[in-house]
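Below: the structure, in structure tokens.
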Number of protein chains: 2
Amino acid sequence: MSQPLRIELDRSSPIPLYHQVAQAIQAAIEDGRLSPGELLENEISMATRLGISRPTTRQALRKLVDKGHLVRRRGAGTRVAPARIRRPLDLTSLFDDLSKSGKAPTTQVLEHATVAAPPEVATALDMPADSEVVMVRRLRLADGEPIALMTNYLPVGIAPTRDELESDGLYDCLRGRGVKPRIANQRIGARSASAAEARMLDEPPRAALLTMERTAFDEAGNAVEFGQHIYRASRYSFDTTFFAG
Amino acid sequence: MSQPLRIELDRSSPIPLYHQVAQAIQAAIEDGRLSPGELLENEISMATRLGISRPTTRQALRKLVDKGHLVRRRGAGTRVAPARIRRPLDLTSLFDDLSKSGKAPTTQVLEHATVAAPPEVATALDMPADSEVVMVRRLRLADGEPIALMTNYLPVGIAPTRDELESDGLYDCLRGRGVKPRIANQRIGARSASAAEARMLDEPPRAALLTMERTAFDEAGNAVEFGQHIYRASRYSFDTTFFAG
DNA sequence: CAGTGGTCTAGACCACTTA
DNA sequence: AAGTGGTCTAGACCACTGA
């Protein structure tokens, strides 16, 4: 531990104290003021120094452990986790993935229509058969190069417009409408491209494609989105981090 | 809420009280005594009924929320999460996956040798170049049908023997040695099978394969295992659940 | 407005690590 | 033996939901 981390707390803020503390420490880790493996101040000292109780301090540290940013060992202290075990984004978003890797993501909306939900879609979204849903098909590109062909189905109430989808990722659009996806079930597989798919994605015939099916839910368990996507395996792969419980 | 869940606590047990409570509730959810959407007793009443403090009760409930088994809303109570948003196993294990779906998994150990770590393996395991590691190649089958070809590299100290690997999954073997993988970084992609791969997996030439690279770490951040695996896309896909947050 | 979960406090004792 | 995090208690006040 070099020297105690400077943390400003605002007790009049609606943001919980433990969250302010966690944010401050996470920021310090992310901008390098705390290095991987570095020993942190112990929690009792941190609590008294910040003028908060020990349980509140613990709650902040626990959050960071859950996110994989800190490692704690009884008797041995709290350390910044090795960089390689940090958890990446929680809900995979192609748009964010591409932005972060320095590519310029663009979108062509191929279709945008209100349709009766096919049976498998109605099941996934937990709606009565033939309910109306918005169906969207998009071609996603990075630096002008096709990356993925995405088909999504959304409840009519929350579906973004065609224009919104041209400029932002689906999840950004949903957030803008106050919809917060919290849980997603994904199934990732692979298959060979059909002739039409190969043509659209600029791949050779029967090229290997990554496939992903996803159903997303908000915190109350309401289905928010169902998608069937195919990715060029030559240009894209899924990076995920798992924590054992 | 039908009627308060019967929970037996053992205060002399080394298992923490909050863990006993969480286990009891999770068991009730899993065997159907609590149904999806069902309202639970509120935490104050549960605390007094079980003779434990409210923070301890909260800790139990928080664990279950983190695992996706419960959904809580201020003012509205605690409910069992819809079945479809339950988190599956945390660290993907082919062996467990197959067992649960009623298949009989078997393993052929094709190679088992101590070798100098290739550069990319040394990097993944965070070891000096050319360190000795145990390399294992296995063919995994379900009901006698080939499913996956797996290549793993492990530090010599913890590597299971050939015999152990014939009868159990890798992660079971590691647990048996007291090694607890807690975090894994995975990269999932796809490509076409080589002639040799197609032959071993009983697939047509150039069939689409799922690929997975994984590095697993224990709680202290020590690398435990690095693997490069290929799966028959026609027989296998990855199911995962993500939590935002 | 009654009831719920969310936040926070100020202590206590214990198990484990390190030296 | 000293220091650390892990567990647990018994309260308090607040924000939000729903009838």
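Below, chains carry the letters A, B, ... as their sequence lines are ordered, and counting in each starts from 1.
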For residues B:N152 and B:H229, determine if any side-chain heavy atom of one lies less than 4.5 Å from a side-chain heavy atom of the other. yes
Could you report the tightest heavy-atom contact between A:V224 and A:L154, atom names first, then the distance? O-CD2, 3.8 Å
My understanding is that only residues two or more places apart in sequence, or in another chain, count here; which of them pass salt bridge (Lys or Arg N to Asp or Glu O under 4.0 Å) with B:R137? B:E111
When the distance from CZ of B:R72 to P of C:dG3 is rounded to whole Å, what number comes out? 18 Å
Whole-Å distance, A:L61 CG to D:dT7 C1', equals 16 Å
In whole angstroms, the gap separating P of D:dT7 from CZ of A:R58 amounts to 7 Å
Is there a residue in residues 11-20 of chain B whose heavy atoms reach under 4.0 Å of DNA chain D, and which residues are they? B:R11, B:P16, B:L17, B:Y18
Give the B/S/- string for nucleotides 10-19 of chain C, one per nucleotide from 5' to 3', where a protein heavy atom under 4.0 Å of the base yields B, of only the sugar-phosphate yields S, and otherwise -. B-B--BBBS-
Heavy atoms only: give me the nearest B:V80-B:S35 pair and the separation to one decimal. CB-O, 3.2 Å
Whole angstrom value for the distance that separates C1' of C:dT7 from CZ of B:R62: 13 Å
Quick one: B:L39 CG to D:dT17 P, roughly how many Å, whole number? 16 Å
Validation row: B:N185, A:D239 side chains within 4.5 angstrom (heavy atoms): no
Given side chains that start at C-beta, do those of A:P118 and A:Y153 come closer than 4.5 Å, heavy atoms only? yes
Quick check on C:dT9: is either OP1 or OP2 less than 4.0 Å from any side-chain nitrogen or oxygen of A:T56? yes
Under 4.0 angstrom between A:T78 side-chain N/O and D:dG5 OP1 or OP2: yes
Take atom CZ in B:R187; do more than 12 heavy atoms of anything else shown fall under 6.0 Å from it? no
Rounded to whole Å, CD1 of B:I44 lies from C1' of D:dT9 at a distance of 14 Å
Provide, to the nearest angstrom, the distance between the CG atom belonging to A:N42 and the P atom belonging to D:dG6. 12 Å
Starting at atom CZ of B:R79, determine the distance to atom C1' of D:dG18, rounded to an integer number of angstrom. 11 Å
In Å and rounded to the nearest 0.5 Å, what is the CD to CD distance from B:E213 to B:Q228? 4.5 Å
Do B:F217 and B:P181 touch side chain to side chain, with heavy atoms closer than 4.5 Å? no
